[in-house]
Amino acid sequence: MPVYGFLEGDTIGLLILARKSMTVAQLAQQLQSAASVRVAPRPGLRVVYKEKVLDPADTLEHVGLSALERFDVIV
Amino acid sequence: MGGGFSVMLKRDEWLHLARKLDWDYSYVREDEVFPPVQSGRPWLPHAAWAHWEEPFRTSFAEYVVNQHAKDAAVQAVREALGKLEDVQRLATPWVNALKLHAATLPLAEFAAVVGNLRGARFGRDSAWRTAATFGALDELRHTQIPLSLMHELVQWDGQFDWTHRFYHSNNWVAIAGRHLFDELLLASDPIEFAIATNFVLETGFTNLQFVGLSALAHNAGDHMFEKMVGSIQTDEARHAQIGGPVLETVAAHDPEYAQWLLDKWFWRSWLLFAVVTGFSMDYLTPLEARTLSFKEFMEEWVLDQYVTALAERGMKKPWYWDLFLDALEVYHHMVYVSAYTYRATVWFDFVVPSPAERRWLAAKYPKYWDALDAVWERITARWRDADVGNEFAVHGTAIVSFCDLCQLVLCGGTPARNSANTLEHGGRKYIFCSQPCRWIFERELDRYADHRDLVKRVLAGEAPANLVMMLRQYFGLDHNTWGKDAYGGNYPWLKRNGQTKR
């Protein structure tokens, strides 16, 4: 499932290919890894979707994130 | 004729008959000669356009004499200072600014020939049609000169081949360029063309840009480019005059439509202009050759005169003016540093700004520079630890995302908060880099909704998802031509800790 990810501190949005069974924490790690050439990895990432901070243990299916939607990863 | 002598009319006695001669139609209706679909809206009887005038009032003979002299001057500089060895002596970053301009300029100018010719036939006053005819000839010249000058450089550096190749490729910058220029130059009716191209793009941006670029080229020691853009600018200064009187008539009869065209095309022009000129001024010009930052240049040469030109015609600043002023602080920096980390996707090389250049940028752009500088610090650290010769150790591999309006990468906003926003329409999802891009899209859904950005092409299986396959198969690049760090990461100010290949 392709989703648009925006990492705090980065300068560009990236397309992340995610699985609905992934956790929110795994999604954050995947975006951080994809952006690592520009942004040094940091601990304590939080995922924001539709203005709400998500539970890192939730799955993407549970939080309702669907293809071609935006999510943000903040510190 | 049969008499003993003849009298030559003075210029002012015949010129108005040659360049401004309109008449009433007897056998057809005016709207059949100038159909609304071809001539544009608002459709007004000729009486509404009869006052149309521009200050140059050039005759064809004068045009030919002037243009011949200009071409001779360009050729003289080319022979004296534009040889291959002259270009080889220029600073490496500046040569890459040349490649960037060389690719984006000439075939866009060629598309402008078509736009001008539409005005030359369907413009609503004969003086407008005369000026547009000269405009078409101008744009042909602006195509031929850079193609001719850059062709000689291909033997030295294959990236210069993109001067001609760029718009024929599916490179992401070319997709964005075509999306803009196809609409602006090929699809616009003469009214939209005159306001969008002649008034907004040329009067607002490029006419003054060429003045600034010419000065910058002079400082960088590139006298050929200096002469070329200086010569092109003199043509632009003339045919850009078409825009003002067209805008005044449209504003008098349909001010809302006039404001829409101004605001739409200012934003669309700004985005591509920021990338091409912003990169060149703030990153690819040697520090010692810089006079103004891109922002200072925009403030001094573009903004004041554009706002004044609007006010003189009773028009307002765009509703997004505050957003634009903020973007002026940060947008081209966001794109440059992002594109640096995807440099293999383009046809020119990049440089990492040195510590001195970063101090210069910090002083010129204090509002957001700290956040941008952190990204350069990270890139520098990656180079420090990368094995020498391993370019892809400091390169992105994830798929980047693109705006469904401007087709440029999603680099709006700031590092703290990207301004991308999404929209669902007709069962499809769209994403935009900024509110103005979304606003333009929503106002003309029929025009834009079916276009597929690069991500959608990948998802549809039209373009490969693998980066190297995309570069080779879809963008038409190969290892010799794709962009690299101009110095392979070997900067005098950067100590490398990685292994050196033996």
Side-chain angles (χ1 to χ4, degrees), chain A residues 1-54 60-75, chain B residues 330-342 368 370-372 374-379 381-383 386 392-404 408-424 428-433 453-456 458-459 465:
Chain A
M1 168 176 81
V3 282
Y4 295 112
F6 297 88
L7 177 64
E8 184 179 350
D10 200 2
T11 50
I12 188 169
L14 297 176
L15 190 76
I16 298 298
L17 299 176
R19 284 174 284 104
K20 291 198 171 188
S21 59
M22 282 171 73
T23 65
V24 166
Q26 287 171 325
L27 181 70
Q29 285 300 327
Q30 190 171 333
L31 177 61
Q32 175 154 271
S33 174
S36 62
V37 67
R38 291 174 303 279
V39 182
R42 297 159 294 184
L45 302 177
R46 291 173 296 159
V47 175
V48 178
Y49 169 60
K50 292 188 176 175
E51 312 295 326
K52 286 184 184 166
V53 177
L54 302 180
L60 304 190
E61 184 161 30
H62 186 253
V63 300
L65 183 67
S66 63
L68 299 178
E69 287 194 307
R70 171 185 180 147
F71 72 96
D72 288 77
V73 173
I74 62 173
V75 181
Chain B
V330 67
Y331 176 68
H332 68 292
H333 300 303
M334 297 271 286
V335 182
Y336 183 86
V337 71
S338 301
Y340 177 87
T341 60
Y342 283 93
Y368 299 114
D370 284 352
L372 294 157
V375 179
W376 285 116
E377 196 55 43
R378 172 68 175 165
I379 289 169
R382 292 281 291 232
W383 271 120
F392 276 88
V394 194
H395 198 284
T397 52
I399 301 174
V400 300
S401 45
F402 299 88
C403 174
D404 274 305
L408 292 166
V409 281
L410 295 178
C411 291
T414 67
R417 175 69 181 170
N418 192 295
S419 57
N421 56 96
T422 56
L423 169 74
E424 281 198 53
R428 289 174 62 176
K429 291 176 179 170
Y430 301 90
I431 191 160
F432 305 97
C433 67
D453 71 72
L454 193 56
V455 164
K456 309 293 191 313
V458 169
L459 297 177

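- Here the CZ-NZ distance, from A/R70 to B/K429, works out to 15.0 Å after rounding to the nearest 0.5 Å.
- Neither the backbone nor the side chain of B/T397 comes within less than 4.5 Å of any heavy atom in chain A.
- For B/I431, the part lying near chain A is the side chain, with the backbone staying farther off; criterion is any non-hydrogen pair under 4.5 Å.
- For B/A420, the parts lying under 4.5 angstrom from a heavy atom of chain A are both the backbone and the side chain.
- The nearest pair of heavy atoms linking A/T11 to B/P415 is CG2-CG, 4.3 Å.
- For B/Y340, no part sits under 4.5 Å from any heavy atom of chain A, backbone or side chain.
- Summarising the geometry, atom CG belonging to A/D10 is positioned 8.5 Å from atom SG belonging to B/C411; distances are rounded to the nearest 0.5 Å.
- Contact of B/H333 with chain A is not made at all, since no heavy-atom distance falls under 4.5 Å.
- With a 4.5 Å cut-off on side-chain heavy atoms, B/K456 and A/L68 count as touching.
- Residue A/I16: no heavy atom, backbone or side chain, is found under 4.5 Å from chain B.
- Most heavy-atom pairs under 4.5 Å with chain B, from the set A/S36, A/A35, A/A67: that is A/S36.
- Taking the side chain as every heavy atom from C-beta outward, A/P2 and B/V455 never approach each other to under 4.5 Å.
- Among all heavy-atom pairs drawn from B/S401 and A/G13, the shortest one is OG-O, 2.8 Å.
- In plain terms, the two heavy atoms of A/R38 and B/V337 that are nearest each other are CD-O, 4.5 Å.
- Within the 4.5 Å cutoff, side-chain heavy atoms of B/V400 are placed close to those of A/L14.
- Closest non-hydrogen pair, B/R378 versus A/P41, comes out as NH2-CD, 3.6 Å.
- Both the backbone and the side chain of B/V375 come within less than 4.5 Å of a heavy atom of chain A.
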